[in-house]
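Written below as structure tokens is the structure these notes are about.
The model shown is predicted, which means the values in this text are computed figures rather than measured ones. Just so you know, residue 1 is the first one in the sequence shown, and it goes up from there.
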Amino acid sequence: MSDKVETTPRDRPGRDLSWPWFLVVVIVYAGVIQGLGQLVGVDTSGSDSQFPTAESILRNALIPIGASIVFAAGVGEELMFRGIGVHVFSRAGFSEGKIALYSSVVFGLVHISNAFGEGAQALVQALVVSTSGYFFYLCLRVRGTLLLPMLVHGLWDTSLISNLVGDSPQASLGMVLVIVLQVVLIVVLAVRRRSVEPASGNLVPPAETPATGA
């Protein structure tokens, strides 16, 4: 007879972070980015580019984002939203569809904080980022590891930010492809959401029944 019982992440001992406290962590996370941006940022309102100089890239992007990465335990947005967020919503007992939805919506909403520098267009950005979050969530589910969504997210951001550098930024083919992909993704998620999501209820599988034998 075997007395070994398989446990799931929901059964294992450890620190529990409730989803309301996770939202508090996210608010602080956004505050770190925006607060440092206000303190050390360079005024680029007189330029058509968000990052017209190397100094603006450093002070408006690298320093605030770098500080937020340290705050999020060293691996940035994917650990925060597809890592901690997904785990928190899973332990709260939400179905997989709600875990995907809530973690993606929170990911989008945190970008509304960009309204301090970008105005009303931050609302559109939040909607677009939410659909990106759903895509990154699917990357997590496909491979079962954060490495794939981290890689895809990094390449995604690089393709967007690289078009904002310089005195006269211009849209490149890569930028256009990202926008087209975003529109296609929104349509696919709206039309095929039920078939994309697994039929099983929860992200975390139930514990296995202990093996018995004579």
Between Leu140 and Val86, does a side chain to side chain contact (heavy atoms under 4.5 Å, CB included) hold up when you go through it step by step?
CA-CA 10 Å; Leu140 169 66; Val86 166; 4.2 Å; yes

From [X] atom [atom1] to [Y] atom [atom2], the distance as rounded to the nearest 0.5 Å:
X      : Y      : atom1 : atom2 : answer
Ser90  : Tyr102 : OG    : OH    : 14.0 Å
Thr145 : Met150 : OG1   : CE    : 7.5 Å
Leu148 : Arg141 : CG    : CZ    : 13.0 Å

Side chain to side chain contact (heavy atoms under 4.5 Å, CB included) involving [X] - partner list, sequence neighbours excluded:
X     : result
Trp19 : Leu23, Val88, Phe89, Ala92, Phe94
Leu58 : Leu62, Ile63
Ala30 : Val110, Ser113

Please lay out, stage by stage, how Ile84 and Leu17 fare under the test side chain to side chain contact (heavy atoms under 4.5 Å, CB included).
CA-CA 9 Å; Ile84 298 174; Leu17 179 68; 3.9 Å; yes

In one Ile/Leu/Val/Met/Phe/Trp/Tyr side-chain cluster, 4.5 Å: [X], [Y]:
X      : Y      : answer
Val105 : Tyr29  : yes
Leu109 : Val24  : yes
Tyr134 : Val128 : no
Trp21  : Ile99  : yes

Do you know which two heavy atoms are closest between [X] and [Y], and how far apart they sit?
X      : Y      : answer
Ser103 : Arg82  : O-NH1, 4.4 Å
Arg59  : Val40  : NE-O, 2.6 Å
Ala126 : Ile112 : CB-CG1, 3.6 Å
Cys139 : Val152 : SG-CG2, 4.2 Å
Gly133 : Ser104 : C-OG, 3.4 Å

If you apply the rule side chain to side chain contact (heavy atoms under 4.5 Å, CB included), what do you find for Phe22 with His87, and how did you get there?
CA-CA 10 Å; Phe22 169 67; His87 183 72; over 6 Å; no

Hey, do the aromatic rings of Phe107 and His153 have their centres closer than 6.0 Å?
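When the ring centroids of Phe107 and His153 are compared, they turn out to be within the sub-6.0 Å range.
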
